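Take a look at the structure below.
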Amino acid sequence: MATSYPGVPGEPTKTGIAILETATAAIQGFGPVNKIHQHLCAFHFYAHDMTRQVEAHHFCGHQNEEVRQCLLYDSPESDAKLIGLEYMVSERLFLTLPDDEKKLWHSHEYEVKSGILFMPGVPGPIQRQDLEKVCKTYGKVFHFWQVDRGDTLPLGVPQVMMALTRDGQLYEELAQNLEKRYEVSFGKERESRAYMSGPNLGVHPLANGGGKGLKTELREVDVQPVDSVPRVFV
């Protein structure tokens, strides 16, 4: 039976491909994907335009105690679009980064303590055990597929994204919609997480874009002809 996902151009996947996928799934291993053990839901906004806010479902796995990596989708459904990637690191590792690099990373303290970053379907007491750690981390996010503007394919340059850092930034309509769909209360979770703390040294002033906008753009550069390069090995 042919299958097709709405909103994505292209011919439906034919039955033969589906059968082939079933066969390869039984033979091949999917180690990196099988390490995914966690589903987090939160919001990102474009680092150069806070008005563009996107719901992002993170499917994450740990590299070790201080590094985790996440595939980002626009929903948790089987037809979800893979829209980006996020890397999360401990405060210790973040502090080793060059200053120019730090600007690309965002803190998770507000996301966690406000309740808007949560694990769908996981009881509060259980998810809070891990979110205590997430609260102290920093994340680096790039979105490849700008679904918020209706793109049907991943167009343009990957965009660096940021996370919310204070009350009043998230559109109320987005918050209410998510709370209704997942039967969660950001307010109640905020109360339950009041005891949590962020990075031990406080949120670094260069994180979150250094408080300024960041836009990812392509730039042309002059490339010297090969003949102009010293032929030291000739």
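Note that the coordinates shown come from a computational prediction; the quantities given were computed from them, not determined experimentally. Below, each value reflects all heavy atoms present in this structure, side chains not excepted, and no hydrogens, waters or symmetry copies.
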Should Phe59 and His39 be marked as a side chain to side chain contact (heavy atoms under 4.5 Å, CB included) after you check the CA-CA gap, both sets of side-chain angles, and the distance that decides it? CA-CA 5 Å; Phe59 291 86; His39 173 199; 3.8 Å; yes

Might you work through the side chain to side chain donor-acceptor pair (under 3.5 Å) test for Ser114 and Asp167, ending with a clear yes or no? CA-CA 8 Å; Ser114 67; Asp167 291 344; over 6 Å; no

Could you state the interatomic distance from [atom1] ([X]) to [atom2] ([Y]), rounded to the nearest 0.5 Å?
{"X": "Leu214", "Y": "Met161", "atom1": "CG", "atom2": "CE", "result": "12.5 Å"}
{"X": "Arg181", "Y": "Glu55", "atom1": "CZ", "atom2": "CD", "result": "4.0 Å"}
{"X": "Lys35", "Y": "His62", "atom1": "NZ", "atom2": "NE2", "result": "9.5 Å"}
{"X": "Glu179", "Y": "Phe118", "atom1": "CD", "atom2": "CZ", "result": "8.5 Å"}
{"X": "Cys60", "Y": "Leu72", "atom1": "SG", "atom2": "CG", "result": "7.5 Å"}
{"X": "Arg92", "Y": "Phe94", "atom1": "CZ", "atom2": "CZ", "result": "14.0 Å"}

Sidechain-backbone polar pair: [X] side chain, [Y] backbone, donor-acceptor under 3.5 Å:
{"X": "Tyr171", "Y": "Thr51", "answer": "yes"}
{"X": "Gln63", "Y": "Gln69", "answer": "no"}
{"X": "Gln159", "Y": "Val157", "answer": "yes"}
{"X": "Glu101", "Y": "Pro98", "answer": "no"}

With side chain to side chain contact (heavy atoms under 4.5 Å, CB included) as the test, would you mind laying out the steps for Val160 and Val141 before giving the verdict? CA-CA 6 Å; Val160 64; Val141 177; over 6 Å; no

Give the minimum heavy-atom separation between [X] and [Y], together with the two atoms involved.
{"X": "Lys188", "Y": "Ser185", "value": "N-OG, 3.1 Å"}
{"X": "Tyr138", "Y": "Pro199", "value": "OH-CG, 3.6 Å"}
{"X": "Asp74", "Y": "Lys81", "value": "OD1-N, 2.8 Å"}
{"X": "Arg193", "Y": "Glu111", "value": "NH1-O, 4.3 Å"}
{"X": "Pro125", "Y": "Gln129", "value": "O-CG, 3.5 Å"}
{"X": "Trp145", "Y": "Thr152", "value": "CZ2-O, 3.0 Å"}

With no hydrogens and no angle check, just 3.5 Å: does a side-chain donor-acceptor pair link Ser90 and Lys136? no

Examine the side chains of Glu86 and His106 and answer whether a donor and an acceptor come within less than 3.5 Å of each other.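 Distance-only check passes for Glu86 and His106.
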
Quick one, [X] and [Y] - any side-chain contact, counting heavy atoms below 4.5 Å?
{"X": "Leu97", "Y": "Lys140", "answer": "no"}
{"X": "Val203", "Y": "Thr165", "answer": "no"}
{"X": "Gln53", "Y": "Leu174", "answer": "yes"}
{"X": "Met119", "Y": "Ile126", "answer": "no"}
{"X": "Gln38", "Y": "His58", "answer": "no"}
{"X": "Tyr195", "Y": "Glu132", "answer": "yes"}
{"X": "Arg219", "Y": "Glu217", "answer": "no"}
{"X": "Tyr110", "Y": "Ile116", "answer": "yes"}

Among Val112, Thr137, Asn208, side-chain contact (heavy atoms from CB on, under 4.5 Å) partner for Ser107: Asn208

Is there a side chain to side chain contact (heavy atoms under 4.5 Å, CB included) between Arg166 and Gln169? Walk through the geometry before answering. CA-CA 6 Å; Arg166 61 180 182 275; Gln169 292 178 327; 3.1 Å; yes

Working for side chain to side chain contact (heavy atoms under 4.5 Å, CB included), residues Met196 and Arg128: CA-CA 9 Å; Met196 296 184 186; Arg128 285 194 288 273; 3.8 Å; yes

Decide whether [X] and [Y] are clustered together by the hydrophobic rule: side chain heavy atoms of Ile, Leu, Val, Met, Phe, Trp, Tyr closer than 4.5 Å, transitively.
{"X": "Leu117", "Y": "Val122", "answer": "yes"}
{"X": "Phe144", "Y": "Ile83", "answer": "no"}
{"X": "Tyr182", "Y": "Val54", "answer": "no"}
{"X": "Tyr87", "Y": "Tyr73", "answer": "yes"}
{"X": "Phe142", "Y": "Phe43", "answer": "yes"}

Looking at Arg149, I want to see if its CZ is surrounded by more than 12 non-hydrogen atoms of other residues, nucleotides or ligands under 6.0 Å. yes

In plain terms, say whether Lys102 and Asp99 are close enough for a salt bridge, that is, a side-chain N and a carboxylate O under 4.0 Å apart.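 Looking at Asp99 together with Lys102, the answer is yes, because their closest N to O distance falls below 4.0 Å.
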
